[in-house]
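Structure first, then comments.
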Amino acid sequence: MAITGRLTMTNQTSIHGILAEFDSVDGILHAAEKVKQEGYRKWDCHTPFPVHGLDGAMGIRQTRLPWLVLVMGFAGCSGGILLQWWTNAHDYVFRISGKPDWSLPANIPVAFEMTILFAALTAFFSMWILNGFPRWYSPLFRAKCFTRATDDRFVLAIDARDDLFGEETRKLLESLSPNTIEMIEAPIEDGKIPLRLKGMLGIALTLLLLPPAMIANARFTKSTQPRVHIVPNMDTQVTHRGQEASDFFADGQAMRLPISGTYAQEDDRLIGEQVGFWTGKENGAYLSSIPMDVTPEFEDRGRARFGIYCSACHAVNGSGQGTVHLRAQELLSKTWVGPTDLRTDAIKQQAPGQLFESISNGIRNMPSYSSQIPAADRWAIVQYLKESL
Amino acid sequence: MNHTAPTYSADFATAAASRLSRAGFLCGVVGLAVAIGLGLAEGDHMRHFWLSYLIAFAFVLTLGVGGLFFVLIQHITGAKWSVTVRRQAEFAIGTIPFLAFLALPLLVPLFSHEGVEEFGGLLWSWVHPHGDHAALITSKVPFLNVNFFVGRFVGYFLIWSLMARYFKNASIEQDKTGEHELTVRMRTRSALCLIVLALTYSFAAFDLLMSTDPAWFSTIFGVYLFGASFLAIHCFLVLSTLYYQRQGHLKKMVTIEHYHDLGKLMLAFTIFWAYIAFSQYMLYWYGNIPEETAWYLIRITSPWTNWSWIEPIGHFFIPFLGILSRHIKRKPPLLGFWAFYILVVHYIDLYWLVAPNLYPDTVPFNGVEVFALIGVVGLFLWKYGQQAKQHSLLAHRDPLISDCLAFQNY
Amino acid sequence: MSQYHFPRWSNKIRPLLAVVALAGPVYLTGIVLYGASPETLNVGYAPEQPVPFSHKLHAGDLKMDCRYCHTTVEESAQASIPPTKTCMNCHDRIHTESPRLEKVRESAKTGQSIPWVRVHDLPDYAYFDHSAHVTKGVSCVECHGRVDQMDVVEQVAPLSMGWCLDCHRSPESHLRPVDEVTNMSWTSEIDREELGAKLREVNNIHPRQDCSTCHR
Amino acid sequence: MAKYANVNELSDSQLDNLLEPPALVQNAETFHDITESVCSIAEADRMPRSWYVLFTLALCFLGVLGAMIFHLFTTGVGVWGNNQPVAWGFPIVNFVFWVGIGHAGTLISAVLYLFRQGWRTGINRFSEAMTIFAVCCAGLFPAIHVGRVWVIYWVFPIPNQMDMWPNFRSPLLWDVFAVGTYFTVSLLFWYMGMVPDLATQRDRAKTKLRQFLYGIFALGWNGSNRHWHRYERAYLLLAALATPLVLSVHSVVSFDFAVAQIPGWHTTIFPPYFVAGAIFSGFAMVLTLSIPARALFGFKHIITMRHIELMCKVIMCTGMLVGYAYAMEFFMAWYSGNRYEGFTFVNRAFGPYAWAYWTMVSCNVISPQIFWFKRARRCIPLIFVISIFVNIGMWFERFVITVTSLNRDFLPSSWNYFSPTIVDILTLAGSFGLFFTLFLLFCRWLPQVAISEVKNVMPSAHPHGNHGEVNHD
């Protein structure tokens with residue numbers, strides 16, 4: 001018969017249940033059978049080791065844990081396979097060691113390990129979660145005899161919330177001849193998390209916002225500081241690259257000039273037999289034709305080179321009204337001598353060799369372009385000047 | 001704690017064993033006769049028949065020697081769970097001398113000069129090295145020569161038969177005397193025997209099966225066959241126990257718990273077999289060295305491709321999932337089905353190890369294999385039944401038998 | 001013997017533990033992923049140069065072609081910083097008194113290079129070839145951004161390996177006709193992917209992805 | 001429990017032979033005795049003096065390890081003797097050695113659990129701890145051998161700025177997964193087994209701090225049978241998962257070698273052979289540790305002579321398995337007809353490293369043979385010496401495999417003799433410092449024996465009446 005008033009209040013404590021302590025396996029087994037027979041539902045046995053037979057005596061049903069583990073094991077296996085397929089055969093294909101992109105045999109070890117890992121983590125965590133752990137607070141720990149439940153005593157505890165809990169409960173337990181019987185009494189606690197802890201949590205959370213804020217700042221602002229080498233690796237090596245400064249050489253440059261008297265094959269100064277090609281002159285007279293094969297590609301090249309090197313001053317149409325000229329005029333008309341209009345007859349009548357020489361060596365205000373434009377390209381520009389402009 | 005020790009009585013299954021024995025003999029004679037007939041009809045110097053015979057022989061050898069392993073391991077570990085089924089393994093090892101007799105016909109393909117021109121030897125091409133690898137194979141002659149080969153087998157069977165005789169007789173002797181000293185002595189002797197058995201069986205595996213491709217080699221091959229044999233003997237014990245229980249024997253002595261344990265070991269050795277088979281495959285696949293991969297190359301190219309898929313899927317995944325659950329391991333008829341299934345794939349595994357070496361371009365499998373297997377297994381069961389006819393099915397005075405019946409799987 | 005008893009609220013920490021266990025790794029991964037990313041560490045680098053040269057003026061307003069100064073970009077791995085002589089092509093006459101060009105004039109006089117600060121600096125173990133990209137239709141804009149709109153040049157792309165690989169894996173949307181590579185303001189009339197696919201075929205573009213392409 | 005017929009008829013030696021001494025736990029009448037003898041160690045104010053001596057020594061070696069790693073990081077991997085052709089030197093040898101040691105723990109806790117070997121309870125906690133610390137030492141070597149240790153995260157499949165993924169076809173990555181999983185699962189297994197014992201320590205603790213700390217890690221365990229039910233099932237599942245895992249780990253380690261085409265490495269027996277070797281060395285280490293520990297902390301009634309004898313047998317058995325593998329390798333080297341393979345083995349046995357080879361053979365194959373004799377299996381000093389021999393032999397096995405296959409490779413022009421540098425040797429010595437520091441700390445503060453499990457194998461743990469049987473169907 002049920003007794004109402006599940007929580008018997010005293011001043012500062014409340015009753016959570018009742019304990020009966022036994023000192024043998026047989027005692028607890030017998031007691032468990034009896035309590036189960038009486039129809040109690042919210043009760044438990046607490047033992048220092050798993051007592052075999054108690055599951056049956058208490059009527060505990062088999063846990064579903066194995067199924068969870070099986071499912072997660074499969075998940076781990078397929079996850080492992082998928083991961084390896086996606087990373088190595090799909091997203092970033094490794095063509096390596098003469099193996100096919102998708103090499104299943106080589107993926108089995110990792111898939112296997114993932115199976116075990118997932119299954120084991122599931123077994124471990126599901127067990128604790130299903131058991132409701134961690135559960136540091138329990139009124140049970142207040143009971144005096146309970147400390148020996150992890151040593152050498154077997155304790156049967158009936159929860160005060162059980163429908164049948166009442167005076168009969170004590171009588172029932174007494175009839176089982178336990179060592180002692182004890183009420184579980186614990187001080188009433190409201191169970192609220194202390195303000196101080198909440199405050200500390202708040203501060204911790206705020207601190208956690210700092211790194212993202214720093215990252216956001218770095219992302220959305222410019223910096224005059226060079227890149228950050230979190231780990232320098234071999235970003236900077238002792239080798240030198242083009243145009244770098246170097247203390248090693250007297251001139252302070254890493255790039256070296258050719259040994260004196262030697263020239264690169266395409267060097268302007270390598271005059272050799274084709275004097276006209278390099279200078280525009282042969283035997284003192286300007287070349288009257290272009291010493292190269294004139295092909296459509298050559299003509300296109302001429303137009304493009306003209307656009308790159310000449311049009312800034314001479315303008316795309318050769319009128320001499322290029323952007324640089326316009327700006328120079330705007331700024332300082334006094335000293336500025338405007339570029340020549342390349343469409344005039346004076347220019348048109350010049351021999352190709354003479355035009356070539358002007359580009360190469362400069363003329364009046366125009367500087368030499370031989371260092372910027374290779375000879376062949378200069379000829380292409382000449383061709384463009386003569387024929388297309 | 002002073003329990004009065006219960007006593008158990010012997011369980012003679014004379015009638016059931018006789019039936020098994022008679023049926024086996026009938027199958028053996030008919031099966032072999034048909035197989036020989038079919039083999040002769042093929043007109044290939046009986047090569048196909050000899051292949052079938054070799055595999056069928058290897059199959060029963062894994063049961064016989066597997067049984068020896070089983071018995072030795074039970075003794076050396078002092079296993080309690082297996083006491084009530086161990087006797088059946090002891091009957092299986094009692095057939096070993098007979099297996100030596102079954103091996104005798106294999107001398108024919110060994111010494112025969114039939115088909116020498118084409119194959120070099122009907123089963124073992126090293127008998128007359130020829131073809132691409134002749135020079136390589138010739139360099140192995142100190143080991144691979146007919147006389148030494150025959151000599152080794154005489155040695156293997158002598159050793160195995162002696163061991164089998166000792167362990168079977170000592171156990172049966174205990175039925176009469178109940179002497180515990182016997183258990184102690186068997187335990188002591190099993191250690192040394194196990195070492196000798198491991199070595200001889202490895203070399204037997206090399207000789208009988210691996211040398212059918214004399215150019216190929218694998219250090220794990222012996223372990224591969226251990227794994228397969230362990231698996232086979234556990235399956236055989238399940239089936240054999242089921243048979244005797246159906247005939248009304250061992251009813252109370254072999255419980256669900258024993259099936260559960262046998263099932264667990266079947267599962268364990270299914271995994272172990274897969275582990276060994278995968279290790280061998282993976283290492284050769286990965287290394288991709290011609291003389292090693294050639295063996296697998298034959299097997300993964302047509303016409304052997306489909307047979308090769310049976311290995312990972314049929315021999316591992318299906319039985320693994322089949323017997324993973326404890327509910328299945330605790331239902332003897334279901335477990336019996338899986339035991340039978342595994343024995344079938346075990347045969348396929350043995351066939352797959354050898355046949356592609358001899359027939360790289362065709363799958364010769366047909367009735368010859370089936371009837372040869374029926375014949376040889378039939379003869380094996382004939383001898384097995386004869387053993388069982390004479391002795392108790394239960395080592396009923398083994399000192400550990402109470403423990404064997406007391407345990408429970410938690 | 002007085003015993004320590006955990007307070008009742010201690011059980012309430014469980015959800016917090018769960019959150020920490022689940023969100024903690026995500027948070028940490030996120031911080032490392034974003035914090036250590038070159039987009040955070042490298043992009044936006046705009047160093048002060050010895051001479052306040054404005055690309056916006058020269059390449060933008062004056063519409064000078066990139067190659068007027070960076071002459072080697074089509075032939076060699078490096079685009080090369082122009083020598084002082086190139087500056088003096090014009091500044092011999094223009095702004096001859098400007099204090100901002102003092103260093104240029106000094107350099108022209110002494111022959112000492114102007115110590116320009118490198119903005120786009122790949123690690124030394126990475127090899128990059130300008131010519132291979134420019135001559136196949138990968139515009140300057142793809143890596144350097146709209147330099148014609150920058151008074152001070154800054155790094156706009158992370159120049160990380162992943163960023164390189166992105167383009168090497170699917171270059172279509174980064175390709176343009178070869179003669180438009182230096183045209184900063186070029187836009188495609190048709191869908192870029194479509195155009196890119198065509199150009200890829202015409203120009204026979206097969207970007208390599210093996211390690212030794214860049215790490216040689 | 002001895003239950004079989006006619007138990008009284010057996011002589012003492014027969015009883016021993018049948019592995020049925022009166023009980024697994026000797027001289028302990030009650031459950032409380034067990035609790036007392038295990039917990040009192042952690043509760044004691046002082047340890048035996050030898051503990052302090054050992055701990056100081058271990059700390060010194062740990063310091064050496066720290067110094068060597070600092071030196072390595074600041075200078076580079078050139079401080080090691082690794083070079084061409086022996087590019088894999090001490091680090092991999094030490095890695096495999098320590099991983100091997102780490103195998104006994106899980107084997108004892110998982111495999112013996114599945115085989116219902118009650119005797120494991122005396123030594124499982126102990127060897128699981130050993131496993132975890134050994135795996136820590138093992139993990140150290142691949143981590144530091146990469147040279148640039150700050151990019152070690154590249155081995156994990158997490159997105160990085162290179163848009164690259166790790167190469168899953170590399171056995172070294174399999175190692176990461178195998179050893180990582182092994183460490184995780186071993187740790188879970190160890191901790192899970194320890195929770196009920198931590199609860200015991202919590203309930204016995206005298207100071208608030210200890211009650212609090214043990215309490216935190218005991219998670220509030222209260223011995224509820226409803227909890228025990230799931231706990232035991234989870235434990236069984238973990239054991240069932242850890243068993244194939246333990247096989248896989250050293251198999252994967254063996255793949256590091258065996259997938260290569262180097263003669264002497266590329267052989268199919270490597271996976272089971274490495275596993276056998278790992279168990280072999282692991283058990284030897286359990287003996288090396290438990291022999292002094294049982295004397296020092298008074299566990300002779302829990303880790304009994306019977307335990308030690310059984311471990312000797314395991315050592316003898318696995319030693320012979322290893323010997324089997326040596327023999328097979330030699331035979332196949334000849335049988336294969338591969339001249340390189342043949343040369344490698346001749347070189348092992350008679351080449352410049354013959355001294356290492358024969359050290360290995362004598363320690364691993366010959367020395368355990370003495371355990372055929374019962375008197376040897378009961379002679380503690382001898383067992384201790386043999387266990388150390390086995391540890392040495394197994395270290396040399398890895399050395400022989402690694403170095404002899406590399407030092408004379410396919411190119412005779414690059415043949416060279418490998419000798420370790422002082423840094424190599426001190427790093428190895430230092431790793432023992434790490435191992436023993438952790439181990440001694442474990443001995444000091446945590447329950448060294450699985451209290452609840454030992455209680456479970458005591459006769460009084462079993463019901464005597466016919467109480468409700470669990471129906472399994």
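Here is the naming used below: chain letters follow the sequence lines, and residue numbers restart at 1 for every chain.
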Check: [X] side chain, [Y] main-chain N or O, donor-acceptor pair, under 3.5 Å:
{"X": "Y27(C)", "Y": "L208(A)", "value": "yes"}
{"X": "E182(A)", "Y": "K144(A)", "value": "yes"}
{"X": "T213(C)", "Y": "D210(C)", "value": "yes"}

Parallel, tilted or perpendicular, judged at 30° and 60°: which one describes the rings of [X] and [Y]?
{"X": "H55(C)", "Y": "H70(C)", "value": "parallel"}
{"X": "Y68(C)", "Y": "Y369(A)", "value": "perpendicular"}
{"X": "H91(C)", "Y": "H95(C)", "value": "parallel"}

With chain A as the partner, which of [options] has the greatest number of non-hydrogen pairs under 4.5 Å?
{"options": "D61(C), T72(C), T86(C)", "answer": "T86(C)"}
{"options": "V152(C), N42(C), T71(C)", "answer": "N42(C)"}
{"options": "L122(C), L62(C), V119(C)", "answer": "L62(C)"}
{"options": "P115(C), S80(C), P83(C)", "answer": "S80(C)"}

Portion of [X] that has a non-hydrogen atom of chain A nearer than 4.5 angstrom:
{"X": "E154(C)", "result": "side chain"}
{"X": "S113(C)", "result": "side chain"}
{"X": "Q209(C)", "result": "backbone"}
{"X": "R93(C)", "result": "both"}
{"X": "S37(C)", "result": "side chain"}
{"X": "L57(C)", "result": "side chain"}
{"X": "E74(C)", "result": "side chain"}

Could you tell me if [Y] and [X] have a donor-acceptor pair between their side chains, going purely by distance under 3.5 Å?
{"X": "T182(C)", "Y": "R67(C)", "answer": "yes"}
{"X": "H168(C)", "Y": "D166(C)", "answer": "no"}
{"X": "Q78(C)", "Y": "D129(C)", "answer": "no"}
{"X": "S107(C)", "Y": "Q112(C)", "answer": "no"}

Could you name the residues of residues 133-140 of chain C that have a heavy atom within less than 4.5 Å of a heavy atom in chain A?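 Residues in range: none.
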For the candidates [options], which exhibits the highest count of non-hydrogen atom pairs separated by less than 4.5 Å from chain C?
{"options": "R241(A), M214(A), Q225(A)", "value": "R241(A)"}
{"options": "Q253(A), R305(A), E244(A)", "value": "R305(A)"}
{"options": "L197(A), V93(A), I308(A)", "value": "I308(A)"}
{"options": "G322(A), S368(A), S311(A)", "value": "S368(A)"}
{"options": "A218(A), A312(A), S223(A), P367(A)", "value": "S223(A)"}
{"options": "P194(A), A216(A), P211(A), G307(A)", "value": "P194(A)"}

Heavy-atom cut-off 4.5 Å, strictly under: side chain, backbone, both or neither for [X] against chain C?
{"X": "R327(A)", "answer": "side chain"}
{"X": "D300(A)", "answer": "neither"}
{"X": "I129(A)", "answer": "neither"}
{"X": "Q237(A)", "answer": "both"}
{"X": "L201(A)", "answer": "side chain"}

Among all residues two or more places apart in sequence or in another chain, which pass the ring pair (Phe, Tyr, Trp, His ring centres under 6.0 Å) test with Y92(A)?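 F94(A).
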Can you list the steps and then say if Y137(A) with F6(C) is a ring-ring contact (aromatic ring centres under 6.0 Å, His included)? CA-CA 5 Å; Y137(A) 168 82; F6(C) 284 89; 9.5 Å; no
Centres of the H58(C) and F53(C) rings: under 6.0 Å?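 When the ring centroids of H58(C) and F53(C) are compared, they turn out to be within the sub-6.0 Å range.
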Apply salt bridge (Lys or Arg N to Asp or Glu O under 4.0 Å) to residues D148(C) and K56(C) and explain how you reach the verdict. CA-CA 5 Å; D148(C) 61 325; K56(C) 182 170 185 287; over 6 Å; no
Answer yes or no: is there an ion pair linking K85(C) with D92(C), defined by an N-O contact shorter than 4.0 Å?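 No, K85(C) and D92(C) are not salt-bridged.
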With a cut-off of 6.0 Å (strictly less than), are more than 12 heavy atoms of other residues, nucleotides or ligands near CZ of F128(C)?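 Yes - once you tally the heavy atoms of other residues, nucleotides and ligands closer than 6.0 Å, there are more than 12.
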